[in-house]
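Quick notes on the structure that follows.
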Amino acid sequence: MYIKDLSKYEGQEVTLRGWASNRRSSKGLEFVILRDGTGFCQCIVDATKVAAEVFEKAGKLKLESSFSLKGKVVKDERQLGGYEVHVSELEIYQIAEEYPIAKKEHGVDFLTDNRHLWLRSSRQWAIMKIRNRIIYSIHQFFQENEFVEMDAPIFTGNACEGTTNLFETNYFDETAYLSQSGQLYGEAMAMAMGRIYTFGPTFRAEKSKTRRHLTEFWMIEPEMAFFDIFDNMDLIEAFLRRVVSDVLRDCKNELTIIGRDTAVLENITKPFPRLTYDEAVRIIKGEQDVNGKNSIKELETELASVLAAIEATKKEIAEREEKIKTPGMKKGEIGFNQSKIDKLKQELADLEEQARNIPQWLNSARNFTYGNDLGGSDETVITRLFDVPIMVYNWPHAVKAFYLKRDPDDNRFARGVDVLAPEGYGEIVGGGERETNEQMLREKITEHELPMEAFEWYLDLRKYGSVPHAGFGLGLERLVTWICKLPHVRESIPFPRMMGRLLP
RNA sequence: UCCUCGAUAGCUCAGCUGGUUAGAGCACAUGACUGUUAAUCAUGGGGUCCCUGGUUCGAGCCCAGGUCGGGGAGCCA
């Protein structure tokens, strides 16, 4: 019997098992919030209706104590799930020690140190449920469309793209690297099966300390024979539409818990704008407007509003600090104001951070040099102008990976495509059509100063029945982060691995 | 690697221009309260002010070096 099924048992006796996520008490009433992994439910122990011993046990429950109970399911509109349980019996498994995560605001450092416990909180629970629904949708979409899941190896003998820093391991006294992408293997598997997708962990040893980087993350990489870049973009669009629609339909409760405004997600049914690199650059530099919005002006407006918000927040903090000094103020009111002040200070720190960053971004957008790759801030700047994911394709070939196909209509460009999520989230997908010409690939490998011998097996794919093909890589955590509108990728994965963080 | 912000009670944070015994809220303990939603109210215990050195009659506060963490650039999903 689980909390998620309570609605089917209205008026009946049920047995539930779980943990106490909160407890409040009055003289003759104990309110215990039970969580069992499937949901949260308020359980009421009424001293006038249960044995004295049961009431006493309920009073002993500390945060996160484990217990089971029997009780009657009662409809109550005030509850999030719509139901509560009137307890008749209660058995304790264990009374928990003092729980470190209090019913209050905590800093990221403390919460990350306590990730093993933080996962129990309702917000983290909801995010993980959504992550699970996304993973399920990904498999459903590909399986229903004749894709075969085939995974790439995690130990690799060579730095596949030669671009990023990799983790080195000792592999029987040889150097092995942890995979940064299954892409090249995906191509080999697509030549065997037609359509495949990989789903596995990926490792990047970059010393990136930002809200969108992890050193270990999960990547989904489909690869399709006989697809060109346009077929690829059609697939990406259908795929993302499917995943987001499933979440909207099946995770309403979870989205409510995390307070996600779903308006932007509902836009997923609209077509995704497809911009060439040239157009994207004009938009970033402010030379071309989008629906009457100009990137530079939007940024300037935002900077002004951030600065105004900083002043307003400072003023409110000062006012509340003055207020709580008033003699004779009730303790509760002081506490209320104090916690408001704490919250405002956190907001202020975030705003000040933005006020330091936006001028840099403005500078970077204004002085963007044609021919360069888009930086993180450029992605942020452009995606804020749209309310759906956008696809940017046809990149200057020099800034993209060696295996991308040169555009047959204009050889300055390579047929890569990046999908940028709206609301400032930036790149969630990178992909493209692959080069089919062996000679061209050899030149590119030499140009990138990569060891030719490590790629001979890959070049074989162009000798034996080379066909047009394309694929893409989706960063699972970045997708979760955008769909949930999280402030940081670290909340999108059970145990995030970042620079300097191996525990828990 | 570079830029930038920070480290004070178990947690979140105050601490003024360097000055006596370092504060608040939450959490915890005890008591009060019959419908609470981070319940509320009263009382109480709780400190290596990140480390090392320096300036000073005097350092949580100033200076130098270090450690750890946040955010951003580069790189990328």
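Values below: all heavy atoms of this structure, side chains included; hydrogens, waters and symmetry mates excluded. Below, read A as the first sequence line, B as the second, and so on, with proteins coming before strands; counting in each chain starts at 1. Quantities reported herein were computed from a predicted structural model and do not represent experimental measurements.
For the P atom pair drawn from B:rG72 and B:rG18, the interatomic distance equals 34 Å after rounding to whole Å.
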Intra- and interstrand pairs of RNA chain B - dot-bracket, Watson-Crick/G-U under 3.5 Å, | marks other strand: (((((((..((((.....[...)))).(((((.......))))).....(((((..]....))))))))))))....
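Here the side chain of A:K207 is nearest to one of B:rG71, B:rU1, B:rU34, namely B:rU1. Listed nucleotides B:rG35, B:rG72, B:rC76 differ in distance to A:D373; the shortest reach to its side chain belongs to B:rC76. With distances taken from any side-chain atom of A:E379 to the nucleotides B:rC75, B:rG70, B:rC76, the minimum falls on B:rC76. Comparing atom distances between the A:T48 side chain and each of B:rC28, B:rU34, B:rG74 picks out B:rU34 as nearest. The side chain of A:R478 has B:rC76 as its nearest neighbour among B:rA39, B:rC76, B:rU12. When distances run from any side-chain atom of A:H86 to the nucleotides B:rU34, B:rG74, B:rG35, the shortest one goes to B:rG35. Out of B:rC28, B:rG35, B:rU34, the shortest distance to the side chain of A:Q42 is found at B:rG35. Nearest nucleotide to the side chain of A:H213, out of B:rG35, B:rC75, B:rC28: B:rC75. The side chain of A:E84 lies closest to B:rU36, out of B:rC11, B:rU36, B:rG69. Relative to the side chain of A:R490, the nucleotides B:rG70, B:rC76, B:rG69 differ in distance, and B:rG70 lies closest.
Using a 4.0 Å cut-off, no side-chain N or O of A:R23 falls inside it from OP1 or OP2 of B:rC28. For A:R211, a side-chain nitrogen or oxygen approaches OP1 or OP2 of B:rG72 to under 4.0 Å. For the OP1/OP2 pair of B:rG70 and a distance below 4.0 Å, the side-chain nitrogens and oxygens of A:H488 include no atom meeting the criterion.
Taking the six-membered ring for Trp and the full ring otherwise, A:Y393 and A:F413 have centroids separated by 6.0 Å or more.
A straight line from CD of A:E477 to P of B:rC76 spans 19 Å, rounded to a whole angstrom.
In this model, no donor atom of one side chain and acceptor atom of the other lie less than 3.5 Å apart for A:R384 and A:T380.
Contact between A:P100 and A:L117 at its shortest, heavy atoms only, is CG-CD1, 3.6 Å.
When heavy atoms are screened at a 4.0 angstrom cut-off, A:G426 is found touching no nucleic acid atom at all. Residue A:V429 is classed as a sugar-phosphate contact, given heavy-atom separations below 4.0 Å to backbone atoms only. As judged by a 4.0 angstrom heavy-atom cut-off over every strand, A:L474 is placed among residues making no nucleic acid contact. In this structure, A:I44 reaches the bases: a heavy-atom distance under 4.0 Å links it to at least one base atom across the strands shown. Contacts of A:D76 with the nucleic acid, taken as non-hydrogen atoms under 4.0 Å apart, include base atoms.
Comparing A:L214 and A:V108 by the nucleotide of RNA chain B that holds the closest heavy atom to each, the one mapping nearer the 5' end is A:V108. Along RNA chain B, the nucleotide nearest A:G28 and the nucleotide nearest A:F217 are compared for position; the residue whose nucleotide lies closer to the 5' end is A:G28.
Residues satisfying the ring-ring contact (aromatic ring centres under 6.0 Å, His included) test with A:Y197, not counting sequence neighbours, are A:H139, A:F142.
You'll find a donor-acceptor pair under 3.5 Å spanning the side chain of A:S208 and the base of B:rG74, going by distance alone.
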